[in-house]
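Here is the structure we will look at, set down as structure tokens.
Chain identifiers are assigned alphabetically (A, B, ...) following the order of the sequence lines, protein sequences preceding nucleic acid strands; residue numbering begins at 1 within each chain. Only heavy atoms go into these numbers, but all of them, side chains included; no hydrogens, no water, no symmetry mates.
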There are 4 protein chains.
Amino acid sequence: MSVQTRGRLIEAAKRVFSEKGYHNAQIAHIIDEAGVARGTFYLYFKSKEEILKELLREVVEELKERIRVIDINEDPVHQVVENVERIIEFALEEKELARIVLQRNSDPELFKVIDEFFEEVVGLIEHSLRLGIDMGIVRECDTSLIGRGILGALKEIILSLLDREEVDTYAVAKEIIELGMRGVWKPAGGESHGVSSGV
Amino acid sequence: MSVQTRGRLIEAAKRVFSEKGYHNAQIAHIIDEAGVARGTFYLYFKSKEEILKELLREVVEELKERIRVIDINEDPVHQVVENVERIIEFALEEKELARIVLQRNSDPELFKVIDEFFEEVVGLIEHSLRLGIDMGIVRECDTSLIGRGILGALKEIILSLLDREEVDTYAVAKEIIELGMRGVWKPAGGESHGVSSGV
Amino acid sequence: MSVQTRGRLIEAAKRVFSEKGYHNAQIAHIIDEAGVARGTFYLYFKSKEEILKELLREVVEELKERIRVIDINEDPVHQVVENVERIIEFALEEKELARIVLQRNSDPELFKVIDEFFEEVVGLIEHSLRLGIDMGIVRECDTSLIGRGILGALKEIILSLLDREEVDTYAVAKEIIELGMRGVWKPAGGESHGVSSGV
Amino acid sequence: MSVQTRGRLIEAAKRVFSEKGYHNAQIAHIIDEAGVARGTFYLYFKSKEEILKELLREVVEELKERIRVIDINEDPVHQVVENVERIIEFALEEKELARIVLQRNSDPELFKVIDEFFEEVVGLIEHSLRLGIDMGIVRECDTSLIGRGILGALKEIILSLLDREEVDTYAVAKEIIELGMRGVWKPAGGESHGVSSGV
DNA sequence: CATGAATGAGACTTCATTCAT
DNA sequence: TATGAATGAAGTCTCATTCAT
């Protein structure tokens with residue numbers, strides 16, 4: 001079991017799945033890309049499905065590490081921005097993985113890990129919203145709906161970033177949060193704004 | 001060429017693609033569902049790919065009909081809400097189609113019509129944003145990013161509605177627009193709000 | 001049973017079989033060419049095979065009519081030339097049919113009538129040769145071999161004529177017989193020759 | 001890519017195509033005959049068409065090797081007889097191949113290599129004829145017609161040989177050339193004859 | 001550990017023929 | 001007599017997986 005060979009297969013799979021999508025990807029593509037023999041693939045992974053799931057498991061693990069629990073004693077908005085920024089950074093570091101994850105493939109069983117992760121994220125957002133409502137700083141709303149909306153915005157935006165040359169991750173993260181918090185409307189008066197200001 | 005048979009195939013394809021996804025769907029499933037013989041399918045559609053594309057073409061056509069151009073002399077926000085509402089209504093009327101369209105499938109060639117439609121929608125949103133900025137009612141922002149964000153929110157929310165029993169389409173549409181305009185933040189003061197108020 | 005419709009199908013089949021060959025020909029092509037409906041075809045012919053066989057039967061019948069028995073009291077060579085000429089004329093009148101017949105299709109069962117006809121022709125040639133040998137005007141030879149050779153030459157030459165613009169059928173017939181009788185060698189001396197001379 | 005397996009497929013294809021003809025031949029027949037699995041076939045050949053073309057390419061190559069250029073310093077007729085003999089020998093060694101090649105199949109695209117080869121042969125014969133005419137030993141004639149005639153005779157005769165038990169290849173070759181040169185007519189006087197005599 | 005030839009289930013598609021109108 | 005929609009057997013080809021070396 002050479003860790004090296006396994007690594008080459010994983011990297012190859014990333015590229016191939018990312019470019020062609022799971023169904024159009026063939027084992028032949030992966031082993032060509034990895035430069036190993038056909039049989040070797042099955043030494044490391046039980047099946048095509050298996051290597052995809054492994055990939056997804058790794059992504060979710062990494063993503064979870066990048067999401068830190070909010071410390072209420074510090075500026076919470078800033079922490080949220082930083083969480084979003086770290087996720088964007090990961091997506092840009094691992095563009096192939098990001099593409100795989102964000103291409104919602106019509107295969108619930110296959111992408112279960114990812115779907116579950118996204119459900120958790122929605123839960124997290126909902127929780128924060130309810131907290132904000134309780135604290136009187138977030139307006140009453142359908143938290144489930146809004147939660148999904150914010151997730152959707154996040155996903156679509158990150159997907160579009162994968163094709164940009166240069167990305168100012170902090171600025172983008174701030175823009176996303178600003179959208180979620182204040183929307184696009186211009187404040188009527190000239191009062192202060194900016195997502196983390198004053199909190 | 002019986003219009004009836006064609007219709008049955010189309011309806012069957014909707015159900016099958018929606019449930020299994022394009023790649024896991026088989027012609028066998030579609031013809032079983034439609035109750036016709038194998039050869040009959042090919043009397044109406046050149047291939048599996050063809051019937052999917054036909055389906056998507058029809059969706060896009062229908063969607064475009066439901067999106068009305070904004071009349072600046074009337075309350076624009078209200079019109080946007082109605083556009084969104086009509087789209088939601090369509091998604092709920094044609095849940096299978098909606099599922100097919102919203103499952104971002106990793107097959108650019110196949111889903112080209114849909115992707116192009118979404119690009120148009122982003123363009124539309126961007127245009128509105130820029131108009132709002134010029135009119136001084138929308139804040140300066142990265143319109144491309146925000147445009148995609150709003151589209152993403154819309155898509156994710158509608159997808160989640162497909163599993164709800166009862167949906168108040170107007171309320172949801174309003175909630176979505178409210179999110180895009182004012183975000184989730186509670187206005188500091190007690191002033192009036194609500195998306196269409198005062199216009 | 002409209003004789004007209006039947007005729008249109010036969011004519012269409014000639015063209016289609018001739019151009020595409022039996023296996024690449026489809027009933028669809030024939031009915032399109034004939035301008036009749038699918039079901040109509042089966043009103044007149046039991047199957048695709050049947051219409052081909054019918055075609056071939058008609059050809060053989062026509063060909064047999066054009067071959068006259070040699071009258072020994074007249075110039076026999078001249079009569080042979082005329083037989084060959086009539087066959088060439090038929091091939092040129094019915095180029096499509098000729099093409100079908102001369103394309104030895106690898107389907108013994110299908111082209112049985114034709115093969116049998118050709119066998120008869122070989123028999124006829126063999127018979128003439130043996131007669132000639134008995135009369136002392138034809139040299140001793142493997143009549144079966146020579147018979148087939150002459151048939152082969154005939155077939156190949158006629159096939160090539162189908163693409164020529166203008167054909168002098170009598171000249172060609174004479175050339176063929178001359179080849180069979182005297183070969184291409186130039187007579188050593190300067191004596192008279194020409195196939196029918198002196199008999 | 002085992003050369004062995006490829007060879008078994010080629011041999012199987014020869015038998016199957018020869019017996020059933022291209023169109024009636026199925027991949028199933030070939031793989032059964034070769035004793036390999038369905039997929040194995042496609043490891044070596046892209047399609048049924050491909051293996052036929054490969055077969056034909058090999059035949060033409062072999063045939064061309066058996067045809068030697070005539071050396072004018074030696075007895076030319078004898079050399080022609082030997083060329084013909086070598087071709088007959090090949091046909092008898094590879095009866096299946098011969099049958100495939102000689103069954104004029106109604107599929108120009110498929111049998112292009114063969115048709116081109118035959119065209120070359122006609123060209124060769126025509127060239128020889130014109131040479132003979134210039135040298136004054138061949139009579140004036142329509143060389144194109146005669147060329148095709150000789151080819152046709154050759155083809156038909158060889159085809160008939162495939163069913164004979166014992167074949168004296170030299171005798172047959174001589175008979176064919178004799179037919180082409182002197183025809184079947186018995187020389188009027190008692191002079192010398194025999195194709196290569198006197199050179 | 002690695003190889004790559006072989007496998008075969010199963011998908012797609014074609015087209016001669018049938019049959020209700 | 002004519003129609004043409006419907007049929008389904010049968011064929012071609014793909015590709016994930018196995019296994020002997």
Carboxylate-amine/guanidinium proximity below 4.0 Å for [X] and [Y]:
X       : Y       : result
B/Arg57 : B/Glu54 : yes
D/Arg6  : D/Glu58 : yes
D/Arg15 : D/Glu33 : yes

From the list E/dA5, E/dC12, E/dT3, which nucleotide is the closest neighbour of the side chain of B/Ile27? E/dC12

Of the nucleotides E/dA2, E/dA6, E/dT17, which one has an atom closest to the side chain of D/Thr5? E/dA6

Is any side-chain heavy atom of B/Met1 closer than 4.5 Å to one of B/Tyr44?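 Yes, their side chains come closer than 4.5 Å.
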
In whole Å, I'd like the distance from the [atom1] atom of [X] to the [atom2] atom of [N].
X       : N      : atom1 : atom2 : answer
B/His23 : E/dG10 : NE2   : C1'   : 17 Å
C/Arg6  : F/dA2  : CZ    : C1'   : 17 Å
B/Arg38 : F/dT7  : CZ    : C1'   : 12 Å
D/Gln26 : F/dA9  : CD    : P     : 16 Å
C/Ile31 : F/dA2  : CD1   : C1'   : 12 Å
A/Gln4  : E/dA2  : CD    : P     : 9 Å
A/Glu49 : F/dC15 : CD    : P     : 18 Å
C/Glu50 : E/dA16 : CD    : P     : 15 Å

Closest-nucleotide ordering on DNA chain E, the 5'-leading residue of D/Met1 and B/Ala25: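 Checking each residue's closest nucleotide, the 5'-ward one belongs to D/Met1.
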
State whether C/Tyr22 and C/Lys48 meet the cation-pi test: NZ (Lys) or CZ (Arg) under 6.0 Å from the six-membered ring centroid, and within 45° of the perpendicular axis. yes

Using Watson-Crick or G-U wobble geometry with both distances below 3.5 Å, tell me the partner of E/dA2, or none.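 Across any shown strand, E/dA2 pairs with F/dT21.
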
Under a 3.5 Å cut-off for both contacts, is F/dA16 paired Watson-Crick or G-U wobble with anything, and if yes, with which nucleotide? E/dT7

Which part of the nucleic acid does [X] contact within heavy-atom distance under 4.0 Å: base, sugar-phosphate only, or nothing?
X       : result
D/Lys48 : sugar-phosphate
C/Leu43 : base
C/Phe45 : nothing

Any side-chain N or O of [X] less than 4.0 Å from the OP1 or OP2 oxygen of [N]?
X       : N     : answer
D/Tyr42 : E/dG8 : no
D/Tyr44 : E/dA5 : no
D/Thr40 : E/dT7 : yes

Could you pick out which residue, A/Ser47 or B/Phe41, lies toward the 5' side of DNA chain F when each is mapped onto its nearest nucleotide? B/Phe41

Starting at the 5' end of DNA chain F and moving along, which residue's nearest nucleotide shows up first, C/Ser2 or B/Gly35? C/Ser2

Test log, rule side chain to side chain contact (heavy atoms under 4.5 Å, CB included), inputs C/Glu109 and C/Glu49: CA-CA 10 Å; C/Glu109 208 284 300; C/Glu49 193 175 322; 3.2 Å; yes

